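Just so we're clear, the structure is a prediction, and the values are computed from it rather than from any experiment. Read the numbers this way: they start at 1 and go in the same order the structure lists the ligands and their atoms.
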Amino acid sequence: MESAGLLLVLVLVLWNQTTGSGVQLIRDPDRNSSAVELDLSAVIHRVDRRFLSVTIDASLSSEEKFMSLLSSPKIRTLAKALSPCFLRFGGTRQDFMVFSPQRSHQNSGSSEDGSCDQMELPSWLEDKLKKDWTQQQLILIREDLQRKYRRVKFTEYTVDLLNSFSNCSGMDLIFGLNALLRTADNIWNSSNAASLLKYCESRGYRMSWELGNEPNSFQKKAGIRVDGYQLGQDFTCLREMMSRSRLYHDAGLFGPDVGQPRDHRADILEGFLQTGAQAVDACTWHHYYVNGRDTSLEDFLDPKVLDTLALKTKEVLKKVKLVSPDKPVWLGETSSAYGGGAVGLSDTFAAGFMWLDKLGLAARLGLDVVMRQVFIGSGSYHMVDENLDPLPDYWLSVLYKRLVGPEVLKVGFPGVAQRKRVRLYLHCANKKSYRGGAVTLISMNLGQKPASISVPAVVSSNTVEAFVLQSDQPGEEGLYSRLVKLNGDVLKMVDDKTLPDLKGTRLPPAEHLQLPAFSLNFFVFTDAAAAACM
Ligand SMILES: *[C@@H]1O[C@H](CO)[C@@H](O)[C@H](O)[C@H]1NC(C)=O
Ligand SMILES: *[C@@H]1O[C@H](CO)[C@@H](O)[C@H](O)[C@H]1NC(C)=O
Ligand SMILES: *[C@@H]1O[C@H](CO)[C@@H](O)[C@H](O)[C@H]1NC(C)=O
């Protein structure tokens, strides 16, 4: 196939109230269809190979015993399927954590000599920790509501566990240091970080670093104001410290993990960039669509809400490009709703629309990494529930990893009528799973009526593999479900060490593609022979 430029795809959105399954296709381009343009000739952006990444909130170590949950065989199995990715350990409590070494760590969870399978958490202990964690969450929520944070001491145990977990899962660990340890002159006091780096270096832990979480709200959280200009200097100090280290002289440093732009807090990023841009390998910011305590199902399916990410992203990119044109920009922490997520929404099938759209939009706009808050732990935006069983967003993420490559292609969607309910993104397929030239169309139907996409033979002439994700329950009620079906079958782990086969359905060539009501879909055109994906 030659590098054909624009391919026209007709998207026909239709609905059929009479039958549930056999949807009739209305091929009428003049009425309810809109022409979609796929450009298979050029890559418009290439994201990091770890694009979809995850976080663990620092609150997991608010009592250190909870870190042991990271030795659960089930959690390890789930984590492995998400690699390669970054694992960021950070969040509000990172700026209240002080490293307090105990120097008696023969029994630490470190993974020397590849002993990844040797320190499994016994199931009785796992059960006890899961129960205690439920109680602990109430304490954490109270702290968050009152904005009163205790100083938390952590020992070697926390870092050992993080290291063995990330190393054994194939994740790259990023550790968020406390930026609120400050001198009388309001300069970062690096002495505690120095002692932590020294310990990690002595153990040979390969990891990257961050400093401070949402510094724009330090005043609210701790009554300390740090301006961007000073923060940039603090980062420069950390970078110098790292450059003196044998192990960390070329390790990653990312920051400043600012909250999303709002009118009154625009300046911290600008100040930071002036003094700190040189010190960081990527500029990080955080994004949430809505307030978890004040949102609804409608927001989760609202294209206008989903589009707000584009505005914020463009604002941040503009600022960074001005000062540091080649600096990668990452979403260093992100999820559907802030304040711990939206109860009953952020952990259900409904959350997938915000998550998949964020992945699609962020890549298209040129962000390189997106770190999902959280893999396991606090709030209701976790990917793994309180029993450590995977939630719908976990399965969505695993599929994304397997099917979607880092090369972003262009999808034009000039029509307006359908843009509301159907959203599309296009990437090269993941070359680990598919041969060169294959492309993956990411699509979602936000509406309660089925839609259909008609793809020209030049893309679909041979095999199309469909991965259709739907709630296990029909209709709007189903959106609140914590179970998801792939091509009709509910996804569940086979056992604690085995994920199910995530098989696609092969569709006959040149068929139109069905997007069921409220569905998240990946279509892999294995023989598209896209020039950009060879
Ligand atoms: C086309 O779409 C409009 C608005 O979405 C709708 O009112 C109309 O009934 C549709 N026409 C057909 C033929 O489906
Ligand atoms: C795990 O640690 C070993 C030893 O330090 C290192 O060689 C390996 O690259 C690490 N793997 C990952 C995925 O970090
Ligand atoms: C930095 O913190 C350490 C304790 O962690 C303290 O001993 C030292 O005096 C502090 N340095 C400054 C300049 O405040």
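- There is no protein heavy atom closer than 4.0 angstrom to atom 7 (O) of ligand 3.
- In terms of polar-atom proximity, Asn189 is counted as a contact of ligand 3, with an N or O under 3.5 Å from an N or O of the ligand.
- A cation-pi arrangement is found for Lys358 relative to Tyr289, the charged atom lying closer than 6.0 Å to the ring centre and inside a 45° cone about the ring normal.
- Every atom of ligand 2 is numbered from 1 in the order shown, and the set under 4.0 Å from a heavy atom of Gly170 is 13 (C).
- Given atom 13 (C) of ligand 3, the protein heavy atom at minimum distance is Thr183 CG2, 3.6 Å.
- Which parts of ligand 3 touch Ser191 is read off a 4.0 Å heavy-atom cut-off, strictly below it: atoms 1 (C), 2 (O), 3 (C), 4 (C), 5 (O).
- Between Tyr338 and Tyr288, the two ring planes are perpendicular [angle over 60°; tilted spans 30° to 60°].
- A salt bridge does not link Glu143 to Lys148: none of the charged nitrogens lies less than 4.0 Å from a carboxylate oxygen.
- Between the side chains of Arg206 and Ser166, no donor-acceptor pair is found at a separation under 3.5 Å.
- Across the listed options Leu173, Asn163, Asn167, Asp172, Asn167 owns the non-hydrogen atom lying nearest to atom 12 (C) of ligand 2.
- More than 12 heavy atoms of other residues, nucleotides or ligands shown are found within 6.0 angstrom of NZ on Lys321.
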